[in-house]
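The structure appears below as structure tokens.
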Amino acid sequence: MAAIRTQPRSARPRASRVPTRLPWWAVALPAIAFAGLLALVADPAHAAAPVPAQPLDELLGRLTELLPRLLSHLL
């Protein structure tokens, strides 16, 4: 047989006494990321995108030419 509870459940759960401490990296990593992004915003000359290589340009050009043809055949 199952035991019957004699005390009703309380409406509020009990507060746990587990200490909640953050590890050092949980504070350090977001701070470093924020500082890096702030440095990029402050000096945008260093944030320029690198120039793509020539073969990549040719591939992207061919894809943009072929994509409309492919879509017209599919639709």
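Just so you know, residue 1 is the first one in the sequence shown, and it goes up from there. Fair warning: this is a prediction, and the values are worked out from it, not measured in the lab.
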Fellow cluster residues of I32, listed by chain then number, with links counted only when side-chain atoms sit under 4.5 Å apart =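 Besides I32, the hydrophobic cluster comprises nothing; the residue is isolated.
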Remaining members of the apolar cluster that contains W25, side-chain heavy atoms under 4.5 Å =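 ILVMFWY cluster around W25 also holds W24, L29.
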Taking only residues two or more places apart in sequence, or in another chain, which ones meet L22 in a side chain to side chain contact (heavy atoms under 4.5 Å, CB included)?
->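 L22 satisfies side chain to side chain contact (heavy atoms under 4.5 Å, CB included) with A26, V27 once adjacent residues are dropped.
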